[in-house]
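Report on the structure given below.
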Amino acid sequence: MTSTCSPVTLQEIKAAREAISGVVRTTPVERSRSLSDLAGSPVYLKLEHTQVTGSFKLRGATNAVMQLDEKQRAKGVVGVSTGNHGRGLAHAAKEAGVRCIICMSKLVPEVKVEAIRAYGAEVCIVGMSQDEAQEEVDRLVAEEGMTMIPPFDHRHVIAGQGTLGLELAEQLEDLEAVLVPLSGGGLIAGVAAAVKAVRPHIRVIGITMERGAAMHECLKAGKPVHVQELATLADSLGGGIGLNNRLTFQMTRDLVDETLLVSENEIAAAIRHVYWQERQVVEGSGSVGVAALLAGKINVMGPVAAILSGENIDMNQHHRIISGEDVDVTKEGG
Ligand SMILES: *Cc1c(COP(=O)(O)O)cnc(C)c1O
């Protein structure tokens, strides 16, 4: 591993932008009339859910694959994510002509397995838990010499996600604050490193669901701690930050102005709002910035941008939510 603990720099983010430009799309920014009226100040939406593979995760995964040396490229990459990182990594590897294996447990639903396969990765199904899938990844790294690409705590991944911040700062010259969905912190660490380097006064606000707000709890504790994962509409924001976190915890602590939480009802209201008012299909995790705005949790002073970070929602669930049904995932197991 080449990672050290020094924070990711603007230079690394600019280099990432060069490296990923052939694979990653520059996503549009649009002014939201309804949210601007509500906030009494311009509100913009960064339509990153329209990114190739349906989320920003492609940026970090592509940069990580592009930074591999010849020997590493020849052996291939491996990951454990069944969600947006898995899709991004699979596509990034395919574009680079690099072998990719995504390991997952037998409990992962068939639709998710197929989604990963459709992006061209080999799927290896092992054991009955995420931990057993991780053991297989460790074996592939140790015995086959493959390179594991983690979803957030990796400097090339963070630099890749940071390209979104650079892009946003260029698209909105009067930007005052950016609302960033927050889980492991790869996105917010990269975005904060980028925007604070080019315009230090821009406020960076991390937004997470109340149910299993890992980074928020770790910041409160002053160190990485275990936080129980719970079922939530913002399922891409689940999971811990890792007790041996090397980069995203300290970068988030040092660069991010504030983190705040939204409830399941607020997330559902945001999914509905972005569908009916903005005509966009956005997953729960991608809607948390809008959720915070609608709930009046953001003190808006000047132009603010919310990052719509992903679109990968079960369309049956989406249909039920936008139809006004009370979809309570907290009762559906977990
Ligand atoms: C992964 C993900 C996030 C959170 O990103 P982190 O780097 O883990 O903080 C937010 N939104 C979506 C759609 C994601 O897939």
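Values below: every heavy atom of this structure, side chains too, minus hydrogens, waters and symmetry copies. Numbering of ligands and ligand atoms starts at 1, following listing order.
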- salt bridge (Lys or Arg N to Asp or Glu O under 4.0 Å): pairs with one or both residues in residues 69-85, sequence neighbours excluded: none
- Can you list the other members of the hydrophobic cluster that holds Val111, where links are side-chain heavy atoms under 4.5 angstrom apart? none
- Message: Check this for me, if you would: do Arg211 and Asp235 make a salt bridge, where the nitrogen-to-carboxylate-oxygen distance has to be below 4.0 angstrom?
- Response: no
Give one line per pair: atom of ligand 1, protein atom, distance. Only N/O to N/O under 3.5 Å.
| unit_1 | atom_1 | unit_2 | atom_2 | d |
| --- | --- | --- | --- | --- |
| ligand 1 | 7 (O) | Gly186 | N | 2.9 |
| ligand 1 | 7 (O) | Leu187 | N | 2.8 |
| ligand 1 | 8 (O) | Gly184 | N | 2.9 |
| ligand 1 | 9 (O) | Ser183 | N | 2.8 |
| ligand 1 | 9 (O) | Gly184 | N | 3.3 |
| ligand 1 | 9 (O) | Gly185 | N | 2.8 |
| ligand 1 | 11 (N) | Ser309 | OG | 2.7 |
| ligand 1 | 15 (O) | Lys57 | NZ | 2.8 |
| ligand 1 | 15 (O) | Asn84 | ND2 | 2.7 |

- Is it true that the side chains of Gln277 and Ser32 contain a donor and an acceptor less than 3.5 Å apart? no
- Query: Which other residues end up in the same hydrophobic cluster as Tyr119, if Ile, Leu, Val, Met, Phe, Trp and Tyr are linked when side-chain heavy atoms come under 4.5 Å apart?
  - Reply: none
- Task: Report yes if the distance between the aromatic ring centroids of His318 and Tyr275 is under 6.0 Å, otherwise no.
- Result: yes
